[in-house]
Amino acid sequence: MGEVSLLNKKTLYILIFTTTLLSVFTHFFIESEVMQFITACLSLLTWATLLGKATESVALYAGERLGGFLNATFGNAAELIISIFLLKEGLFDMVKASITGSIIGNLLLVLGLSLFFGGLKFKVQKFNSMLAGHNVSLMMLAVIALFVPAVFLQNMTTDTVNTVSIVIASVLLIGYFLWLYFSMVTHKKELGDSIDGIPNFDEKEKDAHLEWSKRTSILLLVISTVFVAIQSEWLVHNIESVAEALGWSELFVGAFLIAIIGNAAEHSAAIFLAMKNRIGAAVEIAVGSSLQIALFVAPALVFISLFLGKPMDIIFTTYEIVAIAVAAFIASSISRDGSTNWYEGILLLIVYVILGTVFFVV
Amino acid sequence: MGEVSLLNKKTLYILIFTTTLLSVFTHFFIESEVMQFITACLSLLTWATLLGKATESVALYAGERLGGFLNATFGNAAELIISIFLLKEGLFDMVKASITGSIIGNLLLVLGLSLFFGGLKFKVQKFNSMLAGHNVSLMMLAVIALFVPAVFLQNMTTDTVNTVSIVIASVLLIGYFLWLYFSMVTHKKELGDSIDGIPNFDEKEKDAHLEWSKRTSILLLVISTVFVAIQSEWLVHNIESVAEALGWSELFVGAFLIAIIGNAAEHSAAIFLAMKNRIGAAVEIAVGSSLQIALFVAPALVFISLFLGKPMDIIFTTYEIVAIAVAAFIASSISRDGSTNWYEGILLLIVYVILGTVFFVV
Amino acid sequence: MGEVSLLNKKTLYILIFTTTLLSVFTHFFIESEVMQFITACLSLLTWATLLGKATESVALYAGERLGGFLNATFGNAAELIISIFLLKEGLFDMVKASITGSIIGNLLLVLGLSLFFGGLKFKVQKFNSMLAGHNVSLMMLAVIALFVPAVFLQNMTTDTVNTVSIVIASVLLIGYFLWLYFSMVTHKKELGDSIDGIPNFDEKEKDAHLEWSKRTSILLLVISTVFVAIQSEWLVHNIESVAEALGWSELFVGAFLIAIIGNAAEHSAAIFLAMKNRIGAAVEIAVGSSLQIALFVAPALVFISLFLGKPMDIIFTTYEIVAIAVAAFIASSISRDGSTNWYEGILLLIVYVILGTVFFVV
């Protein structure tokens with residue numbers, strides 16, 4: 001349980017209340033951006049802790065996959081909202097950089113930390129290998145859908161590029177919704193938790209973990225997601241001017257700084273779950289979140305940009321495609337067998353550091 | 001059994017006779033290319049149906065792999081003959097486009113439809129996983145053999161390029177024949193049907209399926225292949241002028257239209273087999289056919305072009321290599337575990353649509 | 001046992017003594033480079049034979065993995081020493097070519113020959129599949145670590161390139177040492193020999209193989225490695241002028257000729273072990289050696305070059321990266337399942353021939 005178990009619920013509530021009040025006050029009445037940044041950060045951490053615990057509780061009621069899916073979705077809602085604001089201002093490069101950052105952040109940093117900390121406590125952690133195989137294939141689809149137009153459409157007219165972008169966005173959305181139908185309806189059992197001889201929590205242990213009722217857990221999941229989103233946005237808002245002062249490039253800020261902070265919720269939730277040996281849910285959050293961004297958020301943004309009257313195409317830069325492809329390949333190689341350990345977490349983190357370094361200097 | 005079971009043998013024979021007569025008459029006495037196209041199409045469909053049933057029958061006698069291999073070979077014979085005619089006229093780009101189209105058509109469209117329709121009837125379909133692994137490695141070899149010369153020989157003299165092409169064609173042919181020796185002789189049992197606990201048809205069920213004797217099945221396989229080849233060629237012949245009128249590019253026509261029609265036989269046979277849960281034979285047709293084209297037809301054409309006095313090199317365009325690599329990667333990722341379902345078929349079809357879209361606009 | 005069993009220990013010692021004496025004499029007193037080359041070659045072969053037998057003996061005492069690791073390390077010590085001499089003279093291109101050559105030589109030639117000859121004697125050979133999976137992931141890391149800087153740092157200043165090279169070299173070294181810790185300490189058992197139902201030699205059989213005591217085996221391993229290194233260097237020294245006379249390119253000589261001869265020790269040891277069905281140790285030598293070069297020798301050379309005052313960056317040419325990536329992909333695809341046969345050896349050798357051909361003409 002780590003440091004969280006030291007916190008009882010009451011203390012957590014008090015910490016959340018205090019830090020959030022502080023952050024709100026600073027946001028509206030104090031001009032110092034550094035102070036705003038620090039207080040938002042503190043508040044975010046407490047909300048993320050609550051989100052982690054709520055996710056864990058919902059996951060117990062809902063099963064690994066649905067719990068993980070809910071968490072990934074709530075995590076990406078914030079992402080989607082921020083991206084729409086960026087779209088409205090025509091900041092397409094920033095949108096793509098933050099999509100890239102979210103994908104690699106989830107596949108390398110979140111998954112890497114989960115496998116590492118989970119692996120420190122448990123020698124080998126296993127999850128459904130059929131799900132692992134499908135995750136890999138979906139990652140390949142995401143890489144292909146970004147790579148192919150970038151190669152073929154380099155010298156095309158804007159009209160052609162936009163038309164092709166809409167076609168590709170459409171088939172990706174169809175693919176994503178069929179995946180939900182497949183994984184939640186027709187093959188739910190095959191992709192579920194109790195396959196491969198992984199024991200579910202027995203009822204007794206389940207009771208011991210249930211700090212909240214089902215209804216309360218879901219409510220807390222929703223509320224904490226909302227506050228994590230708000231605090232993330234404040235943080236992001238300030239981080240831009242801070243980064244500017246530090247002389248960091250927009251690409252690095254978008255792909256690393258924003259992504260790390262914007263995914264704080266996934267981070268905490270996935271690591272908590274991994275440390276409780278619920279690696280299936282942790283993988284679902286990390287990998288599922290990347291897939292959701294690549295196969296749902298990105299194509300949805302193409303359509304939303306149409307309605308906003310400023311069509312965004314689906315062509316990413318070479319740097320972004322290389323980063324996504326590299327992350328997808330190493331994450332695939334590691335997760336394909338449905339069995340993880342601490343060293344595989346290290347491998348993912350090493351690749352994250354390599355990508356971070358080259359993005360920083362580019 | 002689908003619509004085919006509604007057809008008894010007699011009705012099928014009558015349909016074949018009528019449509020073929022119509023097609024032959026139109027081909028020689030009617031000038032309208034649209035009429036020729038439609039009648040050839042109808043005749044092709046009836047022959048492809050017969051071919052599907054004959055393959056199925058031969059597969060029952062011969063086992064999954066040999067049956068699939070025979071079908072793939074008969075399917076590609078047509079391909080090879082058409083390519084030789086194109087070579088004689090020096091239409092190297094068209095040859096390479098149609099090789100590309102055949103490979104991706106088999107890996108994405110034929111395999112995709114087979115997995116999809118097979119998966120609608122059976123929740124999970126399994127085939128020999130050792131064979132699946134070898135298929136993946138052979139696909140990698142095919143991609144490497146096309147990718148490496150394209151990267152290294154960009155600025156080489158024609159002489160060097162032709163010499164290297166011959167060396168690479170030679171080792172690919174050696175590799176292909178050793179593969180046949182390996183899979184048909186030394187490791188036939190390991191790669192066979194009854195591995196992995198997949199039950200063979202028991203004798204009773206076998207009898208129920210046997211509409212023709214062994215000899216008749218093989219004869220029908222050969223005859224229907226010949227007529228499928230003839231009708232395919234007529235179709236292809238007319239399609240070119242039709243496509244021209246529609247303003248489609250040569251690359252799109254070669255890689256998609258010709259490939260789809262030219263592989264009609266594989267399509268019908270593979271889908272029929274998949275829907276009867278003989279997914280091993282369906283995979284052998286789809287994947288085996290691509291491998292045969294990449295590792296046997298393509299290098300054989302390099303040698304044949306030498307004898308024809310117009311040497312063709314083995315250097316494909318970037319677009320073609322990307323298409324083949326993308327198809328090989330997603331097909332590998334999906335087939336590696338020797339277990340398939342309807343959603344994996346959808347994934348392959350999505351990639352086919354993406355490639356079709358970008359080839360169409362390029 | 002092949003031809004080696006025909007040699008008793010005494011005959012081998014006499015052969016080693018004679019050929020080494022001859023080589024030393026020729027090296028210092030005869031001017032003909034051809035004679036020096038031939039005698040060094042003969043001496044090398046006898047020492048490599050001894051090295052193979054010593055490794056085999058140590059592997060029996062130490063277990064597959066540790067034995068393989070020791071062999072790979074002793075094999076690469078020679079590599080490292082030669083590279084340092086090249087670094088001192090600023091021959092960075094030659095260093096990178098020989099690193100490339102060692103990696104692809106081990107992954108394709110050594111592994112290919114081992115699987116082929118091992119597969120001729122044993123229908124299917126199996127090794128620890130968890131180790132196989134980790135080897136694949138480590139290969140991906142190596143490819144990523146070479147590919148990413150080459151893409152991102154094309155137009156950077158020398159200072160930036162050198163800084164990034166040091167960062168990447170550092171994380172690779174950390175990754176390598178953690179891998180040793182992981183595989184030798186925390187997960188030694190899981191990656192060990194007796195997993196997957198592979199029987200270890202029983203004590204009786206073990207006795208039958210033990211020609212030397214543990215101490216003698218290790219001593220012979222060290223001594224024969226030293227002499228293999230010396231003879232390799234003499235060979236390499238002469239080969240350069242011989243190659244020059246033949247008009248071969250530096251890239252081909254570095255990546256193929258030097259690598260083949262420099263890895264003679266690994267070749268003989270790995271093939272001997274594979275033919276005795278100790279495929280786990282053979283894979284450890286071949287794959288482990290490549291990984292050691294990519295993740296330890298290459299980054300270590302970056303640091304050593306700093307101390308020598310002539311900083312070498314970690315940016316390889318496109319040709320080199322393509323070669324390494326291609327080798328890593330096909331070797332991954334083949335070894336992923338932890339089961340090998342003769343045809344998989346053929347596949348690796350075919351790719352080696354393809355790469356050799358294009359490197360020769362470039």
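Any value given below was found using the heavy atoms of this structure, including those in side chains, with hydrogens, waters and symmetry copies removed. Just so it is clear, the structure is predicted and the values come from calculations on it, not from any experiment. Every chain is numbered from 1, with letters handed out A, B, ... down the list of sequences.
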Review point. Aromatic ring centroids of B/Phe359 and A/Phe152 under 6.0 Å?
Key: yes
Practice item. Could you tell me which residues in residues 162-171 of chain A have at least one non-hydrogen atom under 4.5 Å from a non-hydrogen atom of chain B, sorted by residue number? Key: A/Val164, A/Val167, A/Ile168, A/Val171
Exercise for review: Heavy-atom distances under 4.5 Å only: say whether A/Leu141 touches chain B with side chain, backbone, both or neither.
Suggested key: both
Point to revise | Contact class of A/Thr160 relative to chain B, heavy atoms under 4.5 angstrom | key: side chain
Review point. Pairs in or reaching into residues 128-149 of chain A: which pass salt bridge (Lys or Arg N to Asp or Glu O under 4.0 Å), with residues at least two apart or in two chains?
Key: none
Practice item. Classify the angle between the aromatic ring planes of B/Trp342 and A/His187 as parallel (below 30°), tilted (30 to 60°) or perpendicular (above 60°). Key: perpendicular
Exercise for review: Compare all side-chain heavy atoms of B/Phe329 with those of A/Val143 and state whether any distance is below 4.5 angstrom.
Suggested key: no
Check your understanding: Going by the salt bridge (Lys or Arg N to Asp or Glu O under 4.0 Å) test, which pairs reach into residues 323-336 of chain A, not counting sequence neighbours?
Key -> none
Revision key, fill the gap. So the salt bridge (Lys or Arg N to Asp or Glu O under 4.0 Å) pairs with at least one residue in residues 288-300 of chain A (sequence neighbours excluded) are none
Point to revise | Contacting region of A/Leu178 [heavy-atom separation from chain B under 4.5 Å] | key: both
Check your understanding: Checking side-chain contact (heavy atoms from CB on, under 4.5 Å) for the pair A/Val148/B/Thr357: CA distance, chi angles, key distance, verdict?
Key -> CA-CA 10 Å; A/Val148 167; B/Thr357 308; over 6 Å; no
**Study point:** 4.5 Å side-chain heavy-atom contact, B/Val358 and A/Val151
**Key:** no
